[in-house]
Every structure is written in structure tokens, then in C-alpha cells.
Amino acid sequence: AVLGPSSAELEQGKAMLMCVANKGFPSDWTLSWKTNDSSGSNSIRGEESRTPGVLQNDGLYSWSSTLTLTADQWGKVGSVTCEATQGSQTLVSEILRRDQCSQS
């Protein structure tokens, strides 16, 4: 799941997006971000932070990653994609379009 920024964050001049993945196995999955502007042609770079897999009570793992952009960068975003990869293979991706967010 990809969660968009809050209006309070945008008022402070930043936009923090969170990607959460759970019920995966084994633990060596990685979450990464792709961010495109509204034309879909240019990549927008933000600051990424991710946590390693955390073992849950059911024996499966969960992961999270955050992407921090400036509010100005967020205003230019068309869509963001969070990809869950294992090795060189992308197994799951989730797309959030800025116009889906109430704060856009």
C-alpha cells in the first residue's frame, strides 16, 4: 500500500509518502520508489528511507519505506510507484497518482 502526504506536512513544505508491504517471505525483499512528473517523462528525486524486513508473529515479514519530497516537488508529481523486489525481479508494485490524494 502507498500512503500519500498529509495536508499538515504540505503546509510545512514537505511531502512524506509511505509504502508498506506485509505477509512476505523470505526477508530479503526491498522496497524502492519511482516518481514521475505529471507528463510522465521526467523522474523526480526524493529522499528514501527504508526498514529491513521485520518478522511478524505469523512467520511472515513486513517492510516499510518512506519517500520525502518538498511540497514543490509533490506539486509536480504525476504518480509514484512503490516496487517490491527480490533480487533482480520486481514482484509487486503499487501506484499512487497525485490526483487520487485529497491534498493534491
Side-chain angles (χ1 to χ4, degrees):
V2 179
L3 308 173
S6 69
S7 55
E9 287 172 350
L10 292 173
E11 288 172 8
Q12 295 174 5
K14 66 180 179 179
M16 184 178 291
L17 295 93
M18 178 169 275
C19 180
V20 180
N22 56 29
K23 299 200 179 292
F25 190 85
S27 65
D28 61 344
W29 290 59
T30 302
L31 298 178
S32 60
W33 295 90
K34 288 184 179 178
T35 308
N36 291 318
D37 67 9
S38 55
S39 71
S41 60
N42 296 308
S43 178
I44 297 174
R45 281 256 178 254
E47 183 180 330
E48 294 184 32
S49 172
R50 59 181 67 88
T51 61
V54 176
L55 183 62
Q56 304 297 309
N57 291 336
D58 58 7
L60 300 175
Y61 290 85
S62 67
W63 301 262
S64 66
S65 177
T66 58
L67 174 68
T68 303
L69 303 170
T70 66
D72 184 54
Q73 285 176 311
W74 174 245
K76 297 173 183 171
V77 164
S79 65
V80 293
T81 303
C82 179
E83 295 183 338
T85 57
Q86 187 180 32
S88 62
Q89 189 175 16
T90 299
L91 300 174
V92 182
S93 64
E94 182 79 17
I95 298 173
L96 176 71
R97 292 172 47 90
R98 189 174 62 85
D99 59 16
Q100 293 174 310
C101 299
S102 59
Q103 301 85 7
S104 63

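Atoms considered below: every heavy atom in the structure, side chains included; atoms not considered: hydrogens, waters and symmetry mates.
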_Could you report the tightest heavy-atom contact between C101 and G4, atom names first, then the distance?_
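Answer, listing the atom of C101 first, then G4: SG-CA, 4.3 Å.
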
_Single-linkage hydrophobic cluster, 4.5 Å side-chain cutoff, L10 and I44 together_ =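 L10 clusters together with I44.
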
Not counting sequence neighbours, list each pair that qualifies as a salt bridge (Lys or Arg N to Asp or Glu O under 4.0 Å) and has a residue in [range].
range: residues 39-50; answer: E48-R50
range: residues 62-76; answer: D72-K76
range: residues 56-67; answer: K23-D58

_Could you tell me if the side chain of M16 sits less than 4.5 Å from the side chain of P5, heavy atoms only?_
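When only atoms from C-beta onward are counted, M16 and P5 do not touch, as no gap falls below 4.5 Å.
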
_One pair to check against side chain to side chain contact (heavy atoms under 4.5 Å, CB included): V2 and V80. What are the steps and the verdict?_
CA-CA 9 Å; V2 179; V80 293; 4.2 Å; yes

*asked:* Who clusters with Y61? Use side-chain heavy atoms, under 4.5 angstrom, across I, L, V, M, F, W and Y, and order the result by chain and number.
replied: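 When side chains under 4.5 Å apart are linked, the cluster holding Y61 also contains F25, W29, L31, L55, L60, W63, L91, V92.
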
Side chains of residues 81-89: which donor-acceptor pairs under 3.5 Å do they make with residues two or more places apart or in other chains?
{"unit_1": "E83", "atom_1": "OE2", "unit_2": "K34", "atom_2": "NZ", "d": "3.4"}
{"unit_1": "T85", "atom_1": "OG1", "unit_2": "T30", "atom_2": "O", "d": "3.3"}
{"unit_1": "Q86", "atom_1": "NE2", "unit_2": "D28", "atom_2": "OD1", "d": "2.9"}

*asked:* Before you tell me yes or no, could you show the steps for Q56 and V54 under side chain to side chain contact (heavy atoms under 4.5 Å, CB included), namely the whole-Å CA-CA distance, both residues' side-chain angles and the distance that decides it to 0.1 Å?
replied: CA-CA 6 Å; Q56 304 297 309; V54 176; 3.6 Å; yes

Could you tell me which residues satisfy side-chain hydrogen bond (donor to acceptor under 3.5 Å, both in side chains) with [X], sequence neighbours excluded, listed by chain and number?
X: S65; answer: W33
X: S43; answer: none
X: N22; answer: none
X: T68; answer: none

Distance in Å, [X] [atom1] paired with [Y] [atom2], rounded so as to fall on 0.5 Å steps:
X: L67; Y: Q73; atom1: CG; atom2: CD; result: 8.5 Å
X: N42; Y: N36; atom1: CG; atom2: CG; result: 8.5 Å
X: T66; Y: L17; atom1: OG1; atom2: CG; result: 9.0 Å

*asked:* Main chain of V77, side chain of R98: is a donor-acceptor contact present, judged purely on distance under 3.5 Å?
replied: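 Yes: the side chain of R98 pairs with the backbone of V77.
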
*Contact list for residues 9-20, test side chain to side chain donor-acceptor pair (under 3.5 Å), sequence neighbours left out*: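 Listed once each, the pairs would be none.
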
